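Below: one structure, written as structure tokens.
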Amino acid sequence: MALRNITVRGDEILAKKCKPVKAITPRIRVLVEDMTETMLAADGVGIAAPQVGVMKRVFIAMPHVESEDEEIRNKVYCMINPEITYTEGTQESSEGCLSVPGYMGLVDRPQKIRIKATDLDGNEQEYEFEGFEATVFCHEYDHLDGILYPDIAKEMMTAEEYAERLEEVKEEHAES
Ligand code: NI
């Protein structure tokens with residue numbers, strides 16, 4: 001396994017539509033292994049192939065970060081040629097991105113989704129996610145269509161402004 005460089009906003013590869021994976025070759029397996037290592041090293045909860053410079057419809061996600069069960073918390077989903085087949089409701093999510101360092105944004109996302117994809121063994125699977133987990137999958141899925149969250153955010157702020165805002169909310173709770 002090897003760490004790969006993370007492309008950052010401004011690189012035109014991040015604004016392009018990625019191509020479907022035709023076959024799960026050893027090269028795709030190495031790509032997924034490297035993406036996993038790169039995501040973990042960068043402390044991310046997801047990463048898409050264009051973020052390591054590869055224009056393929058592949059992303060990985062580790063969305064159960066809040067689970068108390070270690071095995072569930074560390075589960076990494078590999079999504080090849082994913083398709084969002086159903087969405088329900090809306091939620092406002094706070095998002096960051098490894099390709100947009102130093103910023104956070106508020107984005108309207110579906111509350112619940114169903115997503116179909118091929119896994120690394122070549123099996124098609126369908127999953128259902130809601131809340132934060134649904135957000136992670138929508139965010140990564142958008143990368144495959146050349147969409148970065150700042151393109152669709154209602155509001156952008158620096159990571160410092162975001163931290164201050166969280167602090168204010170905490171103080172308000174402490175007061176009431
Ligand atoms: Ni991202």
Side-chain angles (χ1 to χ4, degrees), residues 1-21 28 31-66 73-84 87 90-120 127 129-163 165-166:
M1 293 212 283
L3 285 178
R4 300 209 185 184
N5 285 329
I6 298 176
T7 49
V8 292
R9 194 179 179 203
D11 189 320
E12 61 174 24
I13 204 165
L14 290 172
K16 286 183 177 163
K17 211 172 151 81
C18 296
K19 301 214 164 65
V21 173
I28 291 292
L31 170 67
V32 170
E33 280 179 12
D34 288 356
M35 283 167 62
T36 305
E37 193 178 337
T38 305
M39 173 188 76
L40 293 173
D43 219 8
V45 293
I47 195 167
Q51 293 183 276
V52 294
V54 177
M55 303 294 302
K56 296 270 187 221
R57 300 190 76 80
V58 180
F59 72 75
I60 58 166
M62 208 174 68
H64 306 305
V65 284
E66 281 163 7
R73 203 164 56 231
N74 292 333
K75 182 170 170 57
V76 177
Y77 294 80
C78 172
M79 314 292 276
I80 298 169
N81 300 332
E83 248 180 87
I84 292 175
T87 66
T90 52
Q91 59 172 327
E92 187 187 78
S93 67
S94 314
E95 297 183 27
C97 179
L98 297 176
S99 294
V100 190
Y103 287 90
M104 293 290 294
L106 301 180
V107 186
D108 283 331
R109 295 286 190 190
Q111 170 61 29
K112 192 179 194 178
I113 63 157
R114 274 206 284 274
I115 184 166
K116 198 170 75 177
T118 302
D119 66 19
L120 261 189
Y127 311 83
F129 295 106
E130 50 189 310
F132 172 74
E133 297 168 1
T135 291
V136 174
F137 284 86
C138 290
H139 176 117
E140 298 310 330
Y141 181 85
D142 276 354
H143 274 297
L144 307 184
D145 285 334
I147 299 164
L148 293 181
Y149 84 83
D151 302 336
I152 55 169
K154 308 193 280 195
E155 196 183 332
M156 288 294 293
M157 62 198 107
T158 64
E160 288 82 13
E161 285 164 346
Y162 181 70
R165 204 180 278 205
L166 281 185

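What you see is a predicted model; the values in this text were computed from it and never measured. Sequence positions, counted from 1, serve as the residue numbers for this chain. For ligands, and for the atoms within them, numbers begin at 1 and follow the listed sequence. Below, each value reflects all heavy atoms present in this structure, side chains not excepted, and no hydrogens, waters or symmetry copies.
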Worksheet item: Stepwise, does the side-chain contact (heavy atoms from CB on, under 4.5 Å) test hold for His143 with Cys97?
Response: CA-CA 10 Å; His143 274 297; Cys97 179; 3.4 Å; yes

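- Within the protein, the number of N, O or S atoms lying under 2.8 Å from the Ni ion (ligand 1) is 3.
- A donor-acceptor pair shorter than 3.5 Å can be found between the side chains of Glu95 and Ser93.
- Here the side chain of Gln51 pairs no donor or acceptor atom with the backbone of Thr7 at under 3.5 angstrom.
- Between the side chain of Asn81 and the backbone N or O of Pro20 there is no donor-acceptor pair closer than 3.5 Å.
- Checked against side chain to side chain donor-acceptor pair (under 3.5 Å), Asp145 has the following partners two or more places apart in sequence or in another chain: Lys17, Arg57.
- Arg4 approaches Thr38 most closely through the heavy-atom pair N-OG1, 3.0 Å.
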